[in-house]
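Numbers restart at 1 for each chain; the letters A, B, ... are given by sequence-line order, proteins then strands.
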There are 2 protein chains.
Amino acid sequence: MTQQKPPPRQRPKRGVSMADVARLAGVSSQTVSRVSTGHPGVVGSTREQVLAAMKQLGYRPNSAARALKRGEFRTIGVTLFTLATTGNSRTVEAIASHAAEEGYAITLIPVASPTQDGLLGAFTRLGELAVDGVIVIMEVHLLDAVTVTLPPGAQVVVVDSDAGDRYTVVDTDQADGARQAVRHLLDLGHRTVWHLTGPAGSFASQRRADAWRAILTEAGRPVPEVRHGDWSAESGYHAGLELAADPECTAVFAANDQMALGLLRAFHERGRRVPDDVSVVGFDDIPDAASFIPPLTTVHQDFAAVGRLCVQAVLRQIRHQTTEPGTTLVPTRLVVRASTAPPRP
Amino acid sequence: MTQQKPPPRQRPKRGVSMADVARLAGVSSQTVSRVSTGHPGVVGSTREQVLAAMKQLGYRPNSAARALKRGEFRTIGVTLFTLATTGNSRTVEAIASHAAEEGYAITLIPVASPTQDGLLGAFTRLGELAVDGVIVIMEVHLLDAVTVTLPPGAQVVVVDSDAGDRYTVVDTDQADGARQAVRHLLDLGHRTVWHLTGPAGSFASQRRADAWRAILTEAGRPVPEVRHGDWSAESGYHAGLELAADPECTAVFAANDQMALGLLRAFHERGRRVPDDVSVVGFDDIPDAASFIPPLTTVHQDFAAVGRLCVQAVLRQIRHQTTEPGTTLVPTRLVVRASTAPPRP
DNA sequence: CCGCGTAATGTTTGCGTAAACATTGCCGGC
DNA sequence: GCCGGCAATGTTTACGCAAACATTACGCGG
């Protein structure tokens, strides 16, 4: 259907420029520019000619020149530690889709490690990067020390942080999610609820733990000692082994689904039946959660919404060249499956 | 320590350019350029002055101008359907890290849907994108119809495809992985092995299924009818319900870990014990697999290596402006856990 | 039928950088 | 002591695009 075979295209050492198109179409390069950018004031017949010439030569605007001229790159940078967590990868995916719809590309800036060095490296690179705005998916305090290296004028939106007083923050409503989880367990009749938290550096983890503690205190229930995990199923498993040994423990709220998975295995191995002997609630609602044994009751996060709101916020800021501190919370929803039940009398 | 507070930076409507630095340092802008690019021929004292001026003004090279001048963007595009699968997100992460080390940024190009329309949209965007090369993580035949829109001169490397005759292909050694899985089950004494495959469009899925069939045939074993899944645990669950009803079925090889998870749940619900009654092997070795009930025997993929090799390949091609057809396979390794055992006599 | 207004198109210019070429100044060999 | 040569630095130019300004041409009212 088309005239050339796919791969063995020889690069014409220098690309096709507007001048080439203009020459072929017999117009000035400015007219080509007008057609290319969709500006008005080009009569139909001329436009046709130009489009034909573009097609024939395989013209493609040079985005570097365009960016240089316009002073904007139409690109958003996304910084994060890892794509390995469901939350991050799903959020990034949503960001990428919505940015694409708006005509923006996204550039990934992975930070090797949460150390000062890793951060510095990443932000030095970032500083030289061609981005109009940045979405930071991490505790932003880590950023403070290195902010000076952000590209001049680049706007920042943050996920997983409490810096709503200084940045635009978009996040899942962690506290409400945790509240729903704990309330659900208490409503089922459990005396209290144990908690398995995420790594210390995560704001989401901390927020979930705070909310858990608050509800229990509010309800006048004893607050068991918190267990510390690192988001991994493995860490959930280890915590579960300990918890399984405590006959008092009839309900556990894990700060994410993967740790809940580890919990389920530990309880299974120790002969504590879920949900008969122990109830387990997770957080995230990863697709797999419905296939755990038993299917996991968990707090659903709307990562797509988080991504969409992030993009909208950065774009707004880029367009107005303003910073809009404030926090937008995305609601959560408890999904009740088979891992929770009333305690045995 | 630094002189300014993080967020409320007013964008100096026009950035600091080499000319500004040159003026302050009392040199020509070309000398600034030389310092900035690390070229030789600038004497120590001059260099110091320039660096000081840069620092004072907060100079940052304008990457658009640089790209325009040099004719390269130092950016690699990555096309994929979704980040939701472990394989994709892990591969992308590895790609991003290695590219960063080489001074290249990564631009994500998500393709909404595997339809002609979705592809066209993505590649039209891609065509205008500022990239020197592209890594395509999908069956590349989908690409053929639209290849003409790739940026001129951009080099392509492909994952999950058999187009090694036309493109550089980097992939996990799917066939060998499947072979190890099936061999393991046969060696344990199972008469034959059932297979749960991934979606039809995936080359990886197809390759695993082909290898499975080949080994069985080679060993003179009956080849059970293949079950079709879509990578999701849910689809594994449905397949599992059917398989559980067949008392002949004592060993299943699932094309990925998530479907294996669904299998485990189905067998559990139907009272078929794993591994006593049925053995299950997965593929991927996602971190959670070790915490399934029971811990899953699976084929470990080295996504980091895939990502690294992709980056090396594109960079090589970008630098030499050549296409190097050929396939590089990354070895796999069977990780034996608790979901496999000899069949009951 | 002249002149003015407006729509269509052309020309000039500059964005920030870095290659290519030009200039300066200093050192050493004869 | 003069000049060749080279190292350090300066000047010019072009990369491709698009805004700003300039020009053409055509139509219509007076």
Exercise for review: Check the distance between C/dA19's P and B/Glu72's CD and give it to me in whole angstrom.
Suggested key: 11 Å
Study note, to complete from the structure: In short, the helix from C/dC1-D/dG30 to C/dC30-D/dG1 is bent end to end, axes from five pairs each side, to 10°, by 60°
Practice item. Measure from NZ on B/Lys69 to P on D/dG16 and round the result to the nearest Å. Key: 10 Å
Check your understanding: In whole Å, what is the span from the CG atom of A/Asp20 to the P atom of D/dG16?
Key -> 8 Å
**Study point:** Beyond-backbone contact of B/Leu315 with B/Ile76, side-chain heavy atoms, under 4.5 angstrom
**Key:** yes
Practice item. Can you tell me the distance, in whole Å, between the CZ atom of B/Arg70 and the P atom of D/dT13? Key: 23 Å
Point to revise | Residue pair A/Ile137 / A/Val92, side-chain heavy-atom distance below 4.5 Å | key: yes
Review point. Do B/Ser36 and B/Arg66 get their side chains close enough for a donor-acceptor pair, meaning under 3.5 Å?
Key: yes
Practice item. Using only heavy-atom distances, determine whether the side chains of A/Gln317 and A/Thr323 contain a donor-acceptor pair under 3.5 Å. Key: no
Exercise for review: Starting at atom CZ of A/Arg66, determine the distance to atom C1' of D/dA19, rounded to an integer number of angstrom.
Suggested key: 14 Å
Point to revise | Nearest-nucleotide pick for A/Val43, side chain only, options being C/dA8, D/dT9, C/dG16 | key: C/dA8
Point to revise | Electrostatic pair B/Arg319:B/Glu102 at N-O distance under 4.0 angstrom | key: yes
Review point. What integer distance in Å separates A/Phe73:CZ from D/dC17:P?
Key: 17 Å
Point to revise | Length of the line joining B/Asn62:CG and D/dG16:P, which is rounded to integer Å | key: 16 Å
Revision key, fill the gap. Shortest non-hydrogen pair, B/Asp171 vs B/Val306, comes out as C-CG2, 4.5 Å
**Study point:** Spatial distance of atom OG1 (A/Thr82) from atom CZ (B/Arg90) [nearest 0.5 Å]
**Key:** 8.5 Å
Point to revise | Any A/Gln155 side-chain heavy atom under 4.5 Å of A/Gln321 side chain | key: yes
Point to revise | Side-chain heavy atoms of A/Val43 within contact of A/Arg47, under 4.5 Å | key: no
Check your understanding: Does A/His39 or B/Gly44 map to a spot on DNA chain D nearer the 5' end, using the closest nucleotide for each?
Key -> B/Gly44
Exercise for review: List in numerical order all residues of residues 26-36 of chain B for which some heavy atom is under 4.0 Å away from an atom belonging to DNA chain C.
Suggested key: B/Gln30, B/Ser33
Check your understanding: Rounded to whole angstrom units, what separation is found between the CE atom of B/Met18 and the C1' atom of D/dG10?
Key -> 13 Å
